[in-house]
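We're numbering straight along the sequence, starting at 1.
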Amino acid sequence: MRRLACFVLLLCCTLARAETPETDWLELMPPEDRKALEEMPEISHDTPEADGTFDQQGGLKQRDKNLPAVMYSAKTVAALDGKQIRLGGYPVPLETDAKGHSTLFFLVPYAGACIHVPPPPPNQIVLVRYPKGIALDDIYAPIWIEGPLKVEQVSNDLADAAYAMDAGVVRLVEEGDL
């Protein structure tokens, strides 16, 4: 009986320390948006905004009338609301604390999304609230976020997001993660 109790305790400790499985960005899109994205023609980056006006009002909200509607979709996956996830991506800092650590930022699926046109659609942008803050010396360095994902429409001067997270864990991706 003692061995069984030790085994159960060891198993519980192992499961408690197990990492949350990674969520793929495409899982944040409903099936009809994924299909539309797969069928979308190649996008030209040769536009006036290509010079990078992301830091100006409406930066990630720029609209190219020639793009399909899926590029502006805020449709979400209801089953993800409240689900504990781990998502990798790139930060677009919005607010910092007194130490200069980012406490509020958008997470986007690819590096440079904050300066290239077109920006990701709202259902591919997550607003991350992280009161502990993280030093983000390089916005091209990928990070992991973990916590319960919320279906939450967020709009500010820079971008619209269809999801938000009060992150429990935010950390840089390390070589061992790859």
I want to check something: taking the side chain as every heavy atom from C-beta on, are [X] and [Y] in contact at a cut-off of under 4.5 Å?
X	Y	value
Val170	Lys132	no
Tyr130	Ile145	no
Leu37	Met71	yes
Pro91	Val128	no
Arg86	Thr23	no

Is there a continuous path of hydrophobic side-chain contacts, each under 4.5 Å between heavy atoms, that joins [X] to [Y]?
X	Y	value
Trp25	Tyr90	no
Phe105	Ile125	no
Val126	Ile139	no
Ile134	Leu127	no
Ile143	Met165	yes

>> Working note: Val70 + Met29, criterion side chain to side chain contact (heavy atoms under 4.5 Å, CB included); need CA distance, chi angles, decisive distance, verdict.
In response: CA-CA 10 Å; Val70 70; Met29 300 179 100; 4.1 Å; yes
> Can we say Glu27 and Lys83 salt-bridge, meaning some charged N sits less than 4.0 Å from an Asp/Glu carboxylate O?
Replying inline: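 Salt bridge flag = no for Lys83 with Glu27.
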> Do NZ/NE/NH1/NH2 and the carboxylate oxygens of Asp177 and Arg171 come within less than 4.0 Å?
Replying inline: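 Between Arg171 and Asp177 there is a salt bridge, with a charged N closer than 4.0 Å to a carboxylate O.
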Quick check: closest heavy atoms across [X] and [Y], and the distance to 0.1 Å?
X	Y	result
Tyr110	Pro119	OH-C, 3.8 Å
Pro93	Leu136	CG-CD1, 4.3 Å
Phe106	Ala159	CE1-CB, 3.7 Å
Ala74	Ala162	O-CB, 3.7 Å
Tyr163	Leu28	OH-O, 2.7 Å
Leu87	Asp24	CD1-C, 4.5 Å

State the [atom1]-[atom2] distance between [X] and [Y], to the nearest 0.5 angstrom.
X	Y	atom1	atom2	answer
Trp144	Ile85	CH2	CD1	10.5 Å
Leu94	Leu104	CG	CG	5.0 Å
Asp81	Lys150	CG	NZ	9.0 Å
Asp33	Lys75	CG	NZ	5.0 Å

> Is the closest side-chain donor-acceptor distance between Ser155 and Asp160 under 3.5 Å?
Replying inline: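 Looking only at side-chain atoms, Asp160 and Ser155 do form a donor-acceptor pair, the distance falling under 3.5 Å.
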